[in-house]
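Attaching a single structure in C-alpha coordinates format; questions to follow.
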Amino acid sequence: PRDAAILQRRNIFILQRFRYHCKRNPKWRTDAILEMVAEEFFLSIVTVTKIIRQDDQTVPDPRTKAGKKHKCATQQQPD
(Lines give C-alpha, C1' and ligand atoms only; values in the text may rest on other atoms or scores of the structure.)
Protein backbone atom coordinates (compact mmCIF):
# COMPACT_ATOMS: atom_id res chain seq x y z
CA PRO A 1 0.00 0.00 0.00
CA ARG A 2 1.00 3.57 -0.67
CA ASP A 3 1.91 6.02 2.05
CA ALA A 4 -1.21 8.03 2.94
CA ALA A 5 0.77 11.27 3.24
CA ILE A 6 2.14 10.89 -0.28
CA LEU A 7 -1.33 10.23 -1.69
CA GLN A 8 -2.70 13.25 0.16
CA ARG A 9 0.02 15.50 -1.28
CA ARG A 10 -0.63 14.10 -4.77
CA ASN A 11 -4.37 14.75 -4.41
CA ILE A 12 -3.77 18.33 -3.29
CA PHE A 13 -1.49 18.91 -6.26
CA ILE A 14 -4.08 17.41 -8.65
CA LEU A 15 -6.71 19.77 -7.25
CA GLN A 16 -4.36 22.74 -7.66
CA ARG A 17 -3.64 21.81 -11.29
CA PHE A 18 -7.37 21.43 -11.99
CA ARG A 19 -8.05 24.90 -10.58
CA TYR A 20 -5.09 26.33 -12.51
CA HIS A 21 -6.40 24.97 -15.81
CA CYS A 22 -9.96 26.12 -15.01
CA LYS A 23 -8.70 29.64 -14.37
CA ARG A 24 -6.45 29.65 -17.43
CA ASN A 25 -9.07 28.14 -19.77
CA PRO A 26 -12.51 29.20 -18.41
CA LYS A 27 -14.31 28.40 -21.68
CA TRP A 28 -13.08 24.80 -21.84
CA ARG A 29 -15.42 21.96 -20.95
CA THR A 30 -14.74 20.31 -17.62
CA ASP A 31 -14.10 16.92 -19.21
CA ALA A 32 -11.31 18.42 -21.36
CA ILE A 33 -9.61 19.86 -18.29
CA LEU A 34 -10.01 16.60 -16.38
CA GLU A 35 -8.44 14.75 -19.31
CA MET A 36 -5.51 17.19 -19.36
CA VAL A 37 -4.88 16.76 -15.62
CA ALA A 38 -5.19 12.98 -15.93
CA GLU A 39 -2.51 12.97 -18.62
CA GLU A 40 -0.20 15.16 -16.51
CA PHE A 41 -0.38 12.70 -13.61
CA PHE A 42 -0.54 9.47 -15.63
CA LEU A 43 -3.91 8.61 -14.07
CA SER A 44 -7.29 7.75 -15.54
CA ILE A 45 -9.88 10.48 -15.93
CA VAL A 46 -12.14 8.55 -13.54
CA THR A 47 -9.49 8.62 -10.79
CA VAL A 48 -8.86 12.34 -11.26
CA THR A 49 -12.61 13.04 -11.19
CA LYS A 50 -13.01 11.12 -7.91
CA ILE A 51 -10.10 13.00 -6.34
CA ILE A 52 -11.49 16.39 -7.38
CA ARG A 53 -15.05 15.52 -6.36
CA GLN A 54 -13.82 14.89 -2.80
CA ASP A 55 -13.26 18.66 -2.60
CA ASP A 56 -15.75 20.03 -5.15
CA GLN A 57 -19.05 18.17 -5.56
CA THR A 58 -20.10 20.43 -8.46
CA VAL A 59 -17.67 18.70 -10.83
CA PRO A 60 -19.81 16.33 -12.91
CA ASP A 61 -18.93 12.84 -14.03
CA PRO A 62 -17.34 13.32 -17.47
CA ARG A 63 -18.74 9.98 -18.65
CA THR A 64 -22.30 11.39 -18.63
CA LYS A 65 -23.88 13.57 -21.29
CA ALA A 66 -24.26 16.46 -18.80
CA GLY A 67 -20.63 16.09 -17.77
CA LYS A 68 -19.42 16.48 -21.33
CA LYS A 69 -21.31 19.78 -21.72
CA HIS A 70 -20.34 21.27 -18.35
CA LYS A 71 -18.04 24.32 -18.41
CA CYS A 72 -15.37 24.73 -15.79
CA ALA A 73 -16.46 27.07 -12.98
CA THR A 74 -14.51 30.32 -12.91
CA GLN A 75 -15.22 31.10 -9.27
CA GLN A 76 -12.85 28.47 -7.91
CA GLN A 77 -11.46 28.77 -4.41
CA PRO A 78 -8.04 30.43 -4.13
CA ASP A 79 -5.01 28.15 -3.85
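The first residue of the sequence shown is numbered 1, and numbering continues consecutively from there.
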Is there side-chain contact between Q54 and K50, with at least one heavy-atom pair below 4.5 Å?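 Side-chain contact under 4.5 Å: no.
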Exercise: identify the closest heavy-atom pair between C22 and I33: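 Smallest interatomic distance, heavy atoms only, reads CA-CD1, 3.8 Å.
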Side chain to side chain contact (heavy atoms under 4.5 Å, CB included) assessment of F18 paired with T30: CA-CA 9 Å; F18 176 75; T30 303; 4.2 Å; yes
Can you confirm whether I14 sits close enough to V37 that some side-chain heavy atom of one is under 4.5 Å from a side-chain heavy atom of the other?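 Side chain of I14 against side chain of V37, heavy atoms only: contact under 4.5 Å found.
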F41 reachable from I12 in the ILVMFWY side-chain graph, under 4.5 Å edges: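 The answer is no; the residues belong to distinct hydrophobic clusters.
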Find out whether L43 and R10 are in side-chain contact, i.e. whether some heavy atom of one side chain is under 4.5 Å from a heavy atom of the other.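 Yes, close enough: below the 4.5 Å cut-off.
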From R2 atom CZ to Q8 atom CD, the distance as rounded to the nearest 0.5 Å: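 The distance works out to 14.5 Å.
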Would you mind telling me which of D55, T49, T47 makes a side-chain contact (heavy atoms from CB on, under 4.5 Å) with I51?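 The residue from D55, T49, T47 that satisfies side-chain contact (heavy atoms from CB on, under 4.5 Å) with I51 turns out to be T47.
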Supply the atom-to-atom distance H21 NE2 to E35 CD, rounded to the nearest 0.5 angstrom.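 Taking NE2 in H21 and CD in E35, the distance rounds to 12.0 Å.
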Is L34 reachable from V46 through a run of hydrophobic residues whose side-chain heavy atoms are each under 4.5 Å from the next?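 Same cluster: V46 reaches L34 through Ile, Leu, Val, Met, Phe, Trp or Tyr contacts under 4.5 Å.
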